[in-house]
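Here's the structure we're looking at; comments come further down.
The figures that follow rest on heavy atoms only: side chains count, while hydrogens, waters and symmetry mates do not.
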Amino acid sequence: MSEKPWKKEERAAAALFGGRRFTANQGGAADFETDAYVGQVKHLKRVPTWLEREALEMERLGFQKTPPKIGVVVLKRRARKPTPRLIVVTEAVWREMNGSSKGE
């Protein structure tokens, strides 16, 4: 039986945060949890291309600074009621923030 792509992505995301994926029969709202993080993974067919481009551009700009800086994209949805800010970084930026190499 082949592994589903979304399971593979949940496992990779959990490893990125230093944890393990919850198996499907455990249920619950989270796909993984560590001592410091709890996470839900979305393996989407489409992500807004502008968001991906913007995150990559901020990664590039940050890494070319001396000393290197962390490149982030901050999203805030306009609405009549308060909405949370979302902070988006690439995996390379996340690894830089947390001191792990790209090869891990």
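Residues Val72 and Leu75 fall into different hydrophobic clusters, defined by Ile, Leu, Val, Met, Phe, Trp and Tyr side chains chained together at heavy-atom separations under 4.5 Å. A single hydrophobic cluster is not seen to contain both Leu44 and Trp6; linkage of ILVMFWY side chains at heavy-atom distances under 4.5 Å, directly or through other members, places them apart. Following chains of ILVMFWY side-chain contacts shorter than 4.5 Å, one cannot reach Val88 starting from Val93, and the two form parts of different hydrophobic clusters. Under the 4.5 Å side-chain heavy-atom criterion for grouping Ile, Leu, Val, Met, Phe, Trp and Tyr, Trp50 is not connected to Leu56 through any hydrophobic cluster. Residues Leu61 and Ile87 do not share a hydrophobic cluster, defined by chaining ILVMFWY side chains whose heavy atoms lie under 4.5 Å apart.
The shortest non-hydrogen separation linking Val38 to Ala30 is CG2-CB, 3.4 Å. Across every non-hydrogen atom of Ala13 and Val41, the tightest pair is CB-CG2, 3.6 Å.
Salt bridge present: Arg21 and Glu10 bring a charged side-chain N and a carboxylate O closer than 4.0 Å. In this structure, Arg53 does not pair ionically with Glu57, as no charged nitrogen and carboxylate oxygen lie closer than 4.0 Å.
From Tyr37, atom OH reaches atom CZ of Phe32 across 9.5 Å, with rounding to the nearest 0.5 Å. Note that CD of Glu91 and CD of Glu59 are 10.0 Å apart. Values are rounded to the nearest 0.5 Å. Distance check: Thr90 OG1 to Met58 CE gives 11.0 Å after rounding to the nearest 0.5 Å. Summarising the geometry, atom CG belonging to Asp31 is positioned 4.0 Å from atom CD belonging to Gln40; distances are rounded to the nearest 0.5 Å.
Judged purely by atom type and a 3.5 angstrom limit, Lys76 has no side-chain atom pairing as donor or acceptor with the backbone of Leu86.
With sequence neighbours left out, the salt bridge (Lys or Arg N to Asp or Glu O under 4.0 Å) criterion links Glu33 to no other residue. Under the salt bridge (Lys or Arg N to Asp or Glu O under 4.0 Å) criterion, Arg20 pairs with no residue at all, not counting sequence neighbours.
In this structure, Asp35 places its CG atom where only 12 or fewer heavy-atom neighbours from other residues, nucleotides or ligands lie under 6.0 Å away.
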